[in-house]
There are 2 protein chains.
Amino acid sequence: MAATPLFRRIDVAPAYQKVADAIEREIINGRIKPGEPIGTEQQLVAQFGVNRSTVREGIRVLEEGGLIRRDSSRRLQACLPRYNKLATRLSRALILHEVTFRELFETSMTLEVASVEGAVERASEENIAELAANLERSAAVVGNPAELAELDAEFHVLMAKASQNRVLQLAREPAAQLFFPTTEMIVGGVPEGGARLVEAHGHILDAIRRRDKEAGVLWTRRHLQDWRRGFEKIASLDRSVEHTYMEHAYAARQ
Amino acid sequence: MAATPLFRRIDVAPAYQKVADAIEREIINGRIKPGEPIGTEQQLVAQFGVNRSTVREGIRVLEEGGLIRRDSSRRLQACLPRYNKLATRLSRALILHEVTFRELFETSMTLEVASVEGAVERASEENIAELAANLERSAAVVGNPAELAELDAEFHVLMAKASQNRVLQLAREPAAQLFFPTTEMIVGGVPEGGARLVEAHGHILDAIRRRDKEAGVLWTRRHLQDWRRGFEKIASLDRSVEHTYMEHAYAARQ
DNA sequence: AAATCTAGCTTTGTCGGACAAACCGATAAG
DNA sequence: CTTATCGGTTTGTCCGACAAAGCTAGATTT
């Protein structure tokens, strides 16, 4: 054993990670507010005393995490992570873990019911107006599965928004991203499927308007059970979320 | 206007992004299975025909997304995204959006009740054994708020696991990461708080064993209501998840 | 011969410098 | 006042290089 070096190797984290962590801390602690500029790469190089390549690797980490973005002119700025983008990562994880539609359905049922309960309790006039507008557009495309499916997904997003609970909004997003794209197949495959969907939405909105929680929950349950019946005509609930289906959700993520 | 270039600038995505997308596609489509090696940076340079710096930026993106990691010897390999790590990103987002404990509590109530219902229905012997082991350890540290809080968080993770629903497991994680770290403050601040917590866990486990859904839900509700009462002695539910508290959750994330 | 050591090759993390394209700002021209 | 032009910046990418750590395989020791 050679002369003991005596204290070394505490560094552990690579420099690019430290750069990312340092910037992240500033943002989380609120010293850099969303929308504020981070500075140019050159400035970061000067501040951290590392090479630009290293800074850039750190930036990529934060960018992927949704903490910073580049504005129109490509300058760096802090930003509020979009639920949507993060949820996409989670949806991807769910696919890789090969979850089944049964798991998806069960959890969505829980979360959508919670959404409607919150919406019945706390929906604002504006929330209700948005839902009403969505319903109107839905009624107009009742024969078009593709457009109707998109509006259905939006209806449920609006319902979560109307619950005024952002944690719930975020929690339902990953499952919803995988769940709702199937609507198109189902509505297209079941006669009167579109009409039933719009009818359910109508009753749900009505319940929210009347602050009638029981009715809201009842119709939300029916609505999802309808989905389930439709789905089971096409595939087994216990099959994993297929890669083929994944590609569908995937193409739409941009 | 000079001689029109006639078709250009479709490229849009920078090279490092394309590298990341290309590797991501291979993993999502299953052509590279979790655990399999991606190859060295040098090989990727050769395959994609770009510079190593560019490849490395792409790698950082995927690493942050949880799709690839470096094994003990720092070689790249595909991996299954850990819910935990992704949930950390979401928790961070929730903090930045300044959600309140009321939102957190409401959503956690929904998700924990769903967890216990699933656990009552589907918990395996192994799940029950894990919960029992946790309970035993909890009983032993009933006077130590820090350790008890950690075991409480674990109990709820195990309950979600016992529900055999991975979508639910994932959906509850972000809220749980913010919710449960407060347990320590609460248990420490309320006399008999530790004993009540362990008692509740005991009743919940008992209900799962007996497949008694009603009792399971009842005790889970009581357990969370206890948390709420304790919390309201310390702070207002309508205050946003404070930065100070955030730092607590933050330090523990590694 | 089996275990151990050592030297060399590989790979990663980091650095410095370079350049084209896009963008910004300000000035000059209509 | 609007439009065109010209530098100066900044980003995205490339090249080459090197120290530290890991791995491999031949050399050495027991």
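We name chains A, B, ... by the order of the sequence lines, and we start the count at 1 in each one.
Looking only at side-chain heavy atoms (C-beta outward), A:P81 and B:L96 come within less than 4.5 Å of each other.
Between B:D71 atom CG and D:dA21 atom P the separation is 17 Å, expressed in whole Å. The separation between A:Q77 atom CD and D:dT10 atom P is 16 Å, rounded to whole Å.
Judged by the 6.0 Å and 45° rule, B:R60 forms a cation-pi pair with A:Y16.
Residue A:E41 has its side chain nearest to D:dT11 when only C:dT14, D:dT11, D:dT13 are considered. Out of D:dT10, D:dG12, C:dG13, the shortest distance to the side chain of A:R75 is found at D:dT10. Here the side chain of B:R56 is nearest to one of D:dG12, D:dC14, C:dT12, namely C:dT12. Nearest to the side chain of A:A15, among D:dG12, C:dT14, C:dC15, sits C:dT14. Checking D:dT13, C:dC15, D:dG12 against every side-chain atom of A:R74, the shortest atom distance belongs to D:dG12. Residue B:N51 places its side chain closer to D:dC15 than to any other of D:dT11, D:dC15, C:dT11.
Between the two ends of the helix from C:dA1-D:dT30 to C:dG30-D:dC1, each summarised by a five-pair axis, the helix axis turns through 0° (rounded to 10 degrees).
Between B:W227 and B:F101, the ring planes lie tilted relative to each other; the angle falls in the 30° to 60° range.
Considering B:L44, B:I23, B:L62, B:T40 in turn, B:L44 is the only one that fulfils the side chain to side chain contact (heavy atoms under 4.5 Å, CB included) rule with B:L76.
Residues A:E63 and A:R69 are not paired through a salt bridge, judged by the lack of any N-O separation under 4.0 Å between the basic side chain and the carboxylate. Looking at A:E98 and B:R166, no side-chain N of the basic residue comes within less than 4.0 Å of a carboxylate O on the acidic one, giving no salt bridge.
For B:R52 against C:dG13, a side-chain N or O and a base N or O form a donor-acceptor pair under 3.5 Å.
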